[in-house]
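Working notes, structure below.
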Number of protein chains: 2
Amino acid sequence: MAADPLSRVFSALADPTRRDIVARLAIGDATVNELAAPYDVTVQAVSKHLRVLEDAGLVSRSREAQRRPVHLEANVFDLMTKWIERYRRQAEERYRRLDDVLRSMPDAVDTTPPKQEGTPS
Amino acid sequence: MAADPLSRVFSALADPTRRDIVARLAIGDATVNELAAPYDVTVQAVSKHLRVLEDAGLVSRSREAQRRPVHLEANVFDLMTKWIERYRRQAEERYRRLDDVLRSMPDAVDTTPPKQEGTPS
DNA sequence: ATCTTTCTCAACCAAATGGTTGACAACGAA
DNA sequence: TTCGTTGTCAACCATTTGGTTGAGAAAGAT
């Protein structure tokens with residue numbers, strides 16, 4: 001089993017069925033049988049998927065008679081978005097700098113579009 | 001191999017070594033040997049990781065003499081952030097509505113914690 | 001031409017993954 | 001109590017994955 005939380009979350013969402021389940025749970029809590037209904041796999045398979053999502057902290061299961069309502073824990077998403085945003089911003093910044101360098105070169109390639117730029121972000 | 005692009009991206013980032021490589025590439029392009037140096041795995045293993053990242057569209061490899069500089073393609077991140085944001089927002093909206101309902105109920109359960117903000121971890 | 005460097009491909013291996021079936025625990029209903 | 005429903009656990013199976021070693025392609029250096 002993956003050690004670090006970030007790997008667990010990414011790994012959990014790397015499966016289309018599990019992303020589908022998350023999408024379903026965003027609408028509202030559901031039981032395992034309800035979640036399994038749309039797919040032609042056994043309930044056990046869906047239960048396994050839910051365990052993966054639970055280990056990643058994306059989902060929680062409570063007890064209610066025989067039923068086990070599954071609930072989406074949205075806050076774990078932040079872990080991912082923070083990681084993603086960090087490196088995207090860094091890469092975009094780098095790209096911008098490269099762009100500046102190219103622009104500052106008189107006519108190395110000459111394909112420079114005659115454009116005046118705004119300053120995004 | 002995973003069919004859909006979203007699964008490929010999530011799956012690619014589910015590995016700590018590959019996330020590390022992405023972090024490194026955010027600083028600047030690098031060759032396979034440079035990328036492999038910090039880890040005690042073979043260059044072949046890193047080459048495989050790069051292939052996974054490339055299939056996910058997160059990275060591109062060009063040719064420059066014998067060297068193959070690896071470049072980070074930041075735009076693919078958007079695919080993920082869009083997906084994540086959508087369901088997080090949906091789940092938060094749902095939580096807000098549930099919160100409203102609970103607040104509008106006079107004293108259904110009475111175990112209501114006194115107005116605390118933020119989840120108790 | 002022959003070496004050297006850089007990197008990928010192919011074959012193999014152990015472990016993880018996603019699925020199955022079968023057994024059974026927990027609980028409400030009869 | 002016995003039955004039906006809901007869900008998990010255990011064992012098993014096929015495929016994928018992350019790693020290895022060994023061979024070889026591509027291009028500059030000698």
Side-chain angles (χ1 to χ4, degrees), chain A residues 1-25 28-72, chain B residues 1-25 28-72:
Chain A
M1 199 175 301
D4 65 299
L6 205 42
S7 293
R8 279 201 293 268
V9 179
F10 276 121
S11 186
L13 294 178
D15 183 284
T17 303
R18 284 195 294 260
R19 283 200 307 278
D20 226 41
I21 289 174
V22 167
R24 166 66 185 79
L25 289 174
D29 294 3
T31 68
V32 177
N33 267 304
E34 286 167 357
L35 290 171
Y39 314 101
D40 63 342
V41 296
T42 60
V43 181
Q44 287 96 321
V46 172
S47 189
K48 274 195 182 182
H49 279 309
L50 288 173
R51 181 146 171 67
V52 174
L53 289 169
E54 193 176 26
D55 286 345
L58 282 161
V59 137
S60 64
R61 288 184 273 190
S62 52
R63 180 116 234 170
E64 181 185 290
Q66 318 98 301
R67 251 148 278 106
R68 310 288 310 275
V70 184
H71 177 77
L72 183 64
Chain B
M1 197 177 299
D4 65 298
L6 206 41
S7 294
R8 279 200 294 266
V9 180
F10 276 120
S11 187
L13 294 178
D15 183 284
T17 302
R18 283 193 297 258
R19 282 199 308 278
D20 228 41
I21 288 174
V22 167
R24 165 66 185 78
L25 289 174
D29 295 4
T31 69
V32 178
N33 267 303
E34 286 167 357
L35 290 171
Y39 314 102
D40 63 343
V41 296
T42 60
V43 180
Q44 287 95 322
V46 172
S47 189
K48 273 195 185 183
H49 279 309
L50 288 173
R51 180 148 171 67
V52 173
L53 289 169
E54 193 176 27
D55 286 344
L58 282 160
V59 137
S60 65
R61 286 184 275 189
S62 51
R63 182 114 233 171
E64 181 185 291
Q66 318 98 302
R67 252 150 276 105
R68 310 290 310 273
V70 185
H71 177 78
L72 183 62

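Lettering follows sequence order; numbering is per chain, from 1. Note: hydrogens, waters and symmetry copies are ignored here, and every other heavy atom, side chains too, is used.
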Inset, instruction - Report yes if some heavy atom in the side chain of B:Glu64 is under 4.5 Å from a heavy atom in the side chain of B:Asp29; otherwise report no. - result: no
Inset, instruction - Whole angstrom is fine here: how far is it from CG in A:Leu13 over to P in C:dG18? - result: 12 Å
Inset, instruction - Provide, to the nearest angstrom, the distance between the CD atom belonging to B:Glu34 and the P atom belonging to C:dT5. - result: 16 Å
Inset, instruction - Nearest-nucleotide wise, let me know which of A:Arg61 and A:Lys48 is further upstream toward the 5' end of DNA chain D. - result: A:Arg61
Inset, instruction - Ignoring backbone atoms, establish whether A:Arg18 has a side-chain N or O less than 4.0 Å from OP1 or OP2 of C:dG18. - result: yes
Legend entry - Side-chain N or O of A:Ser47 closer than 4.0 Å to phosphate OP1/OP2 of D:dG7: no
Inset, instruction - Please confirm whether any donor atom in the side chain of A:Gln44 sits under 3.5 Å from an acceptor in the base of C:dG18, or the reverse. - result: no
Legend entry - B:Val41, nearest nucleotide to its side chain (from D:dC9, D:dG7, D:dG19): D:dG19
Legend entry - Interatomic distance where CD belongs to A:Glu64 and P belongs to D:dG7 [whole Å]: 10 Å
Inset, instruction - Tell me which nucleotide among C:dG28, C:dT8, C:dA26 gets nearest to the side chain of A:Ala65. - result: C:dG28
Legend entry - Minimal non-hydrogen separation, B:Val59 against B:Leu50, with atom names: CG1-O, 4.4 Å
Legend entry - Test item: A:Arg61 side-chain N/O and A:Val70 main-chain N/O as donor-acceptor pair under 3.5 Å: no
Inset, instruction - Just call it for A:Thr31: base, sugar-phosphate, or nothing, with non-hydrogen atoms closer than 4.0 Å on any strand. - result: sugar-phosphate
Legend entry - Gap between atoms CG and P, on A:Asp55 and C:dG18 respectively (whole Å): 12 Å
Inset, instruction - With DNA chain C as reference, determine whether A:Gln66 or A:Thr42 sits nearer its 5' end, using the nearest nucleotide of each. - result: A:Thr42
Inset, instruction - Check the distance between C:dC7's P and B:Ile21's CD1 and give it to me in whole angstrom. - result: 13 Å
Inset, instruction - For side chain to side chain contact (heavy atoms under 4.5 Å, CB included), just list the numbers for B:Val52 and B:Asp15, CA-CA rounded to whole Å, side-chain angles, deciding distance to a tenth of an Å, and then say yes or no. - result: CA-CA 10 Å; B:Val52 173; B:Asp15 183 284; over 6 Å; no
Legend entry - Any B:Asn33 side-chain N or O less than 4.0 Å from OP1/OP2 of C:dT5: no
Inset, instruction - Measure from the side chain of A:His49, starting at C-beta and using heavy atoms only, and say which of D:dA27, C:dG18, C:dT6 lies closest. - result: C:dG18
Inset, instruction - Let me see the working for A:Val41 and A:Lys48 under side chain to side chain contact (heavy atoms under 4.5 Å, CB included), right down to the final yes or no. - result: CA-CA 11 Å; A:Val41 296; A:Lys48 274 195 182 182; over 6 Å; no
Inset, instruction - Check the distance between C:dA26's C1' and A:Arg68's CZ and give it to me in whole angstrom. - result: 10 Å
Legend entry - Whole-Å gap separating P (D:dT16) and CG (A:Asp15): 14 Å
Inset, instruction - Check the distance between C:dT8's P and B:Arg63's CZ and give it to me in whole angstrom. - result: 8 Å
